[in-house]
Amino acid sequence: MTPASKALLGKLLLGAVWLFLLVWPMTGITPAGLEFGKAARIVGAVMLAVVVWLGLKRLNESVDVGFGRSVGRAASSLSRTPGWLWKSAGLLALLAFPILSSRYGQDVAINVLVYVTLGLGLNVVVGLAGLLDLGYIAFYGVGAYTYALLSVHYQLSFWLALPLCVALAALAGCMIGYPTLRMRGDYLAIVTLGFGEILRLVLNNWMKLTGGPNGILGVKPAAIYYPDPEQGWEMTRFLIRSPQSQYYLILAIALFTVVAVRRLADSRIGRAWEAIREDETAAGIMGVNTFTLKLLAYAMGAVFAGLAGAFFSAKMRFVSPGSFTFIESAMVLAMVVLGGMGSIPGIVLGALALIVLPEVFRDFENYRMLVFGAAMAIMMLVRPAGLIPAKRVGRRSEEDHA
Amino acid sequence: MDFFLQQLINAITLGGFYALIALGYTMVYGIIQLINFAHGEFFAAGGYMGVILLAWMDSQGYMQTHPWLCLTLAFLLAMAYCAVLAMGVEKVAYRPLRKASKLSVLLSALGMSIFLQNGLMLTQGVYDKTYPGVFAKGAVGVGEFNFTYLQLIALSITALLMVGLNRLVFKTRLGKAMRATAQDRVMATLVGISSDRIISVTFAIGAALAAASGILVGLYYGSVRYDMGFVPGIKAFAAAVLGGVGSITGAMLGGLIIGITEIFTAAYISGEYKDVFAFIILIAVLYFRPTGLLGENINDTRV
């Protein structure tokens with residue numbers, strides 16, 4: 001036995017004892033009596049997982065093909081083949097997906113696309129402009145409630161309501177953005193979190209307008225009109241109700257978002273955002289109007305959340321404050337950071353991972369969030385820059401001093 | 001007037017709970033500039049540990065014979081438990097990220113918070129757990145208004161812990177080391193302070209205070225829930241920010257302000273919007289005085 005492995009064994013033992021101390025009081029002390037079996041089982045399972053993980057890590061090191069490396073390699077090989085080929089193949093696959101998959105698969109895909117839209121919107125705020133926003137889901141809520149209210153009270157159609165949802169969400173973005181412009185980092189995070197909670201509490205308590213915790217029922221699905229040859233080319237209304245048609249609608253929204261965010265990132269505005277992210281003071285000195293641009297980042301981020309929100313309420317045909325909790329904001333933020341801030345393929349991958357993986361483990365329903373939380377922490381330890389890191393990222397100047 | 005004074009007592013009691021949680025936030029933030037999102041979970045874990053211990057003691061009959069001893073023991077054990085928990089969390093989820101970007105650490109903290117909350121849910125169930133009501137009854141009248149026994153217990157324990165913490169931070173070698181580390185971690189390391197150990201101890205002390213607050217809240221309201229850590233956690237952070245992050249007196253003051261706001265909004269304006277006002281105060285203070293009421297200007301000293 002080498003000294004290194006001896007030290008490792010010691011550490012494992014110490015870890016096991018520590019874990020047992022933490023788990024046993026929670027599982028073993030009951031008014032009925034003291035029980036040790038349950039805690040021992042949990043500790044055993046965790047220790048087994050740790051040993052397996054350490055083994056995999058060692059194997060990984062000796063073979064020298066890291067997970068990150070293979071992802072990086074896949075990304076670089078992707079960039080070598082002509083772009084249009086990949087794009088058209090990908091688009092074809094996306095269009096064909098609902099024909100080939102089950103209803104359940106379509107539901108999951110719709111969910112993924114909603115979160116892709118949200119993640120890309122948040123990416124504008126966090127990834128590009130570097131403004132940490134923990135209340136992002138508020139804009140999603142604004143979009144969803146705007147459409148729900150317009151649809152229920154004024155029978156406004158989805159397409160007419162959509163610009164209004166977007167505009168209101170952008171306005172909300174400016175309203176939240178304006179007072180926070182002077183803040184940075186953690187203070188910004190906590191204030192945006194506060195705003196998110198305020199919105200949720202208002203939704204929850206403004207009975208007259210929002211129906212309180214019961215939410216709003218009877219939101220109309222989106223509809224499209226098309227000339228039907230069988231009816232003598234008369235305009236016919238088609239309701240977007242089946243998962244399949246909903247899939248195409250959200251696919252269109254998500255693709256629009258991908259293109260828009262990409263164009264934004266490559267524009268002068270996007271460059272200016274990145275400059276603000278890297279060093280706000282320097283950007284300001286070099287003539288970037290930090291005030292307007294930061295506000296614009298909030299508004300643009302909110303626009304995409306508003307789109308996703310309008311779709312969400314048209315799809316569910318019901319909205320309630322329960323869908324706009326802090327944990328949702330955390331989920332979207334996790335997607336952005338896990339995927340790689342500022343990188344569009346990264347965020348798509350992040351959304352895919354965070355929505356699909358829990359679905360795979362559906363049998364362990366109760367443990368989903370537990371695993372989710374642990375995965376978030378572990379991912380940060382293993383790959384803090386995300387799965388597919390963005391190419392143009394520096395380091396915020398104020399972090400060097402921390 | 002009676003009503004007002006009664007509400008004031010309630011407000012100070014509640015403010016004390018927030019202040020105890022806020023102290024952990026403020027101390028951790030003061031040293032490593034991290035919003036420890038999992039801190040609210042230490043509060044919840046403390047509350048659960050309290051109910052588990054007290055319910056067990058109750059079932060064994062010790063509560064009837066030595067209620068005060070049981071209460072003290074429950075406090076000490078729960079605080080020790082959360083201290084150990086916090087040190088472990090710090091070692092597993094934060095220490096490896098010392099040099100990583102702030103966002104990574106924040107996300108790791110969020111992950112830990114979700115993990116701990118669900119761990120509590122899985123081991124303790126989704127329903128409220130009720131505290132054995134030994135101390136619930138009775139009140140002392142002072143003049144025209146009443147202190148319930150529970151309020152007296154809560155207020156005195158809060159005061160005791162705060163005085164203890166103050167002495168620890170300002171009168172002991174450990175406190176001196178903590179203050180030095182908070183001021184400049186690199187320099188502190190150079191003069192021989194193990195910054196890792198100090199950070200660990202800071203987490204432990206903060207979590208122990210949060211745990212005490214958890215038991216007090218559990219005793220005061222009679223029950224605990226697995227997700228009870230989130231909202232008080234956020235409000236306590238608001239309290240820490242209000243007072244100026246890094247300042248211990250500030251955290252106590254901030255806690256009191258948040259508690260007073262909450263109780264008086266509930267009493268005089270609207271019970272439903274009490275949390276909204278806490279957040280509005282937070283935002284207003286940060287807007288007009290970004291470093292909090294008693295805080296130094298962090299932006300200037302750090303950049």
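Chain naming here is simple, since letters A, B, ... match the order of the sequence lines and numbering starts at 1 in each. Bear in mind the structure is a predicted one, so any value in this text is a computation, not a measurement.
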Interatomic distance, CG@A:Leu201 vs CZ@B:Phe279, rounded to 0.5 Å, equals 6.5 Å

Closest approach of B:Thr123 to A:Thr27 (non-hydrogen atoms, all atoms of both residues)
CG2-CG2, 3.6 Å

Taking all non-hydrogen atoms of both residues into account, name the closest pair between B:Pro96 and A:Leu381 and its distance.
CB-CD2, 3.8 Å

Step by step, would you call B:Leu106 with A:Val337 a side-chain contact (heavy atoms from CB on, under 4.5 Å)?
CA-CA 11 Å; B:Leu106 198 71; A:Val337 181; over 6 Å; no

What part of A:Leu19 gets within 4.5 angstrom of chain B, counting heavy atoms only: side chain, backbone, both, or neither?
neither

Contacting moiety of A:Ile378, where chain B heavy atoms sit under 4.5 Å
neither

By a 4.5 Å heavy-atom criterion (distance strictly below it), what part of A:Val126 contacts chain B: side chain, backbone, both, or neither?
side chain

Answer with side chain, backbone, both or neither: which region of B:Leu120 has an atom nearer than 4.5 Å to a non-hydrogen atom of chain A?
side chain

Stepwise, does the side-chain contact (heavy atoms from CB on, under 4.5 Å) test hold for A:Met380 with B:Leu97?
CA-CA 8 Å; A:Met380 284 301 106; B:Leu97 289 169; 4.2 Å; yes

Could you give me the CA-CA distance, side-chain angles and deciding distance for A:Thr325 and B:Phe230, then say whether side-chain contact (heavy atoms from CB on, under 4.5 Å) is met?
CA-CA 11 Å; A:Thr325 53; B:Phe230 177 66; over 6 Å; no

Between B:Gln117 and chain A, which part of the residue has a heavy atom less than 4.5 Å away: side chain, backbone, both or neither?
neither

Quick one: what part of B:Leu53 sits under 4.5 Å from any heavy atom of chain A, side chain, backbone, both or neither?
side chain

Contact leader toward chain B among A:Leu333, A:Leu338, A:Leu34, where contacts are heavy-atom pairs under 4.5 Å
A:Leu34

Check whether B:Phe277 gets within reach of chain A through its side chain, its backbone, both or neither, counting any heavy atom under 4.5 Å.
neither

Measure across A:Ala377 and B:Met112 and return the closest heavy-atom pair with its distance rounded to 0.1 Å.
CB-SD, 4.1 Å

Closest non-hydrogen contact found for B:Gly88 with A:Trp18 is CA-CZ2, 3.0 Å

Restricting to non-hydrogen atoms, name the atom on B:Leu107 and the atom on A:Ala334 that form the minimum distance, rounded to 0.1 Å.
CD2-CA, 4.0 Å

